[in-house]
Amino acid sequence: MEISAPRGTKDILPDSSGHWRYVEETAREVCRAFGYNEIRTPVFEHTELFLRGIGETTDIVQKEMYTFEDKGGRSITLRPENTAGTVRAYLEHKLYGESQPVKLYYIGPMFRYDKPQAGRFRQFHQFGIEAIGSPGPAVDVEIIIAAVEFFRRLGLKDLDLFVNSVGCPKCRPVYRARLQDALRDKLGEFCEDCRSRFERNPLRILDCKHEKCGQLSQGAPRMGDCLCDECRDHFAGLQALLAAAGVPYRLNPRLVRGLDYYTKTAFEIQYPPLGAQSAVCGGGRYDGLLAELGGDPTPAIGYAIGLERVLLALEKQNLLPPADKAIAVFVAAVGDQARAPAFRLAAELRRAGLACEMDYMNRGLKAQLKQANRYPARFVAIIGEDEAANDKVTLKNMQTGEQQLVDAGQVEQKIRAEMGD
RNA sequence: GUGGCUGUGGUGAAGUGGUUAACACGCCGGAUUGUGGCUCCGGUACUCGAGGGUUCGAUCCCCUCCAGUCACCCCA
């Protein structure tokens, strides 16, 4: 064995592709119920889109992007997330001409050059939704409820919803400055990471896992105390609606999003047993992004759900659906003369819409029955020399063990009659 | 990117510095001639992750690399 899949990528094999389909279908059903329509954008975009959209100073842009030059000399990047691409498509195709808000969802692979770990891959899949055009907070609550509903339908338990407001371009700089002022004289005592974050992204310091840093930032001003009137009202409205909808949530003033475009509402849904990669859903409002990408100022909000992590959570809670390989009929041929009639019967049954299998390994009858049993098959249609000569089929019900000789042309209706449909 | 742990057949897993590396599952075949799910029997491992080194000799000792995993980091 020499060639293997690139690091951080994974083959989804038949034994688990059914799980993926189940999760994706659940996502699509929820989107239909909430009025979100699918959008499919390219897996690669001009690098520039992400530089401007996600922010040049973010970790994603600085060290996690798959960027390359194509043969035309363009700088191309495999999408590390899909909000930027979705917004780009919204602007490019002038979806602002449709009734607002425009509600979109996507499911697909994303790419980040991270060090792989359980729940963290270089190619991973996200299901995300974006609502563009409404300032909220009603849509904010709607998309959160959509996420909650998605998890509810899957049966997942023990999820925690955290919400926060990260302010807007009016109040965040004010808060940022106040925070820096409060931390400045103690800066030397913070960890190395925090010291480097001080200028670049001081809000992250509040998120630091180091106990020392946590203590040092204890008395620091909180974003909540510095929100401008508009942001404060918005945040209050969000919480009122969440409460009205009966959605349990927790405030987390330290919740910060890693992408520059977020404003006001920020939220995250976690499943703690996943350990370090416990965030299964993360999102928030990005009122500044459309203008940043050259559009008219337009409010918007969205989130992304990591499907690998959802699958991990489902596995932990034993909620993955069992594989369903059951078929209606297995056509067993015995002897050379039976081969052609068996093929013909299988083709007819399949054309009639019955799931049908047969042997391709020249196995004996016993082995074919064993094979049929494995699927399992409801019926086995046995064709040997006698049957082939008389245009008959021995039809065996695998549950009762009963078998009868029937005309080859009547196999389908016999099966349908016995299956009761 | 930093640090810890792990790497034996398709899968789960024992094991030893030295002839034919357990076991279980799976898969294939058989248990009188064309009949399954149970049972029994048999079969199924060119490199014990890769490449070097130590040694008379290494799958078990050392180094490097690769991969997985956990924490940090980041995030979905």
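The sequence lines fix the lettering, A, B, ..., with proteins before strands; numbering per chain opens at 1. Computed from heavy atoms alone, side chains included, the values below leave out hydrogens, waters and symmetry copies.
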Side chains of Val393(A) and Leu405(A) in contact at under 4.5 Å (non-hydrogen atoms)
no
Arg254(A) CZ to C74(B) P, in whole Å, measures 14 Å
Write down the protein N/O and nucleotide N/O pairs, taken from nucleotides 1-5 of chain B, whose separation is under 3.5 Å; answer none if there are no such pairs.
from  : atom 1 : to        : atom 2 : distance (Å)
U2(B) : O4     : Lys115(A) : NZ     : 3.1
G3(B) : O6     : Lys115(A) : NZ     : 3.4

Query raised in the report: Say you pick atom P in A22(B) and the same atom in G34(B); how far apart are they, in whole Å?
Result: 37 Å
Pick the C1' atom in U35(B) and in G30(B), then give their distance to the nearest Å. 15 Å
If pairing means Watson-Crick or G-U wobble with both distances under 3.5 Å, then the partner of U39(B) is A31(B)
Would Arg285(A) count as a cation-pi partner of Tyr262(A), with NZ or CZ less than 6.0 Å from the six-membered ring centre and within 45° of the ring normal? no
The Watson-Crick or G-U wobble partner of G1(B), with both key distances under 3.5 Å, is C72(B)
The Watson-Crick or G-U wobble partner of A58(B), with both key distances under 3.5 Å, is none
Exercise for review: Determine whether more than 12 heavy atoms belonging to other residues, nucleotides or ligands lie under 6.0 Å from atom CZ of Arg339(A).
Suggested key: yes
Rounded to whole Å, CD1 of Ile383(A) lies from C1' of G34(B) at a distance of 13 Å
Q) Distance between the C1' atoms of U19(B) and A24(B), in whole angstroms? A) 27 Å
Using Watson-Crick geometry (N1-N3 plus N6-O4 or O6-N4) or G-U wobble (N1-O2, O6-N3), each under 3.5 Å, C46(B) is paired with none
Rounded to whole Å, CE of Met361(A) lies from C1' of C28(B) at a distance of 9 Å
Rounded to whole Å, the CE-P distance (Met358(A) to U35(B)) equals 19 Å
If pairing means Watson-Crick or G-U wobble with both distances under 3.5 Å, then the partner of C66(B) is G7(B)
query: Rounding to the closest angstrom, what is the interatomic distance between G57(B) and G29(B) at atom C1'?
result: 40 Å
**Asked** Say you pick atom P in C73(B) and the same atom in G3(B); how far apart are they, in whole Å?
**Response** 16 Å
Tyr22(A) meets the ring-ring contact (aromatic ring centres under 6.0 Å, His included) criterion, sequence neighbours left out, with none
- prompt: For the side chain of His19(A) and the backbone of Ala323(A), is there at least one donor-acceptor N/O pair under 3.5 Å apart?
  reply: no
Atom P, compared across U33(B) and G49(B): separation rounded to whole Å: 45 Å
- Task: Using the P atom as the reference point in each nucleotide, state the distance between U6(B) and G15(B) in Å, no decimals.
- Result: 14 Å
Aromatic contact between Phe124(A) and Phe111(A), with the criterion being ring centroids under 6.0 Å apart: yes or no?
no
note: Leu274(A), atom CG; A71(B), atom P; distance rounded to Å ~ 10 Å
Looking only at atom P, what distance separates U59(B) and G52(B), rounded to whole Å? 13 Å
When rounded to whole Å, the CZ to P distance for the pair Arg309(A) and U69(B) reads 12 Å
Taken to the nearest whole Å, CD/Gln126(A) to C1'/C74(B) is 14 Å
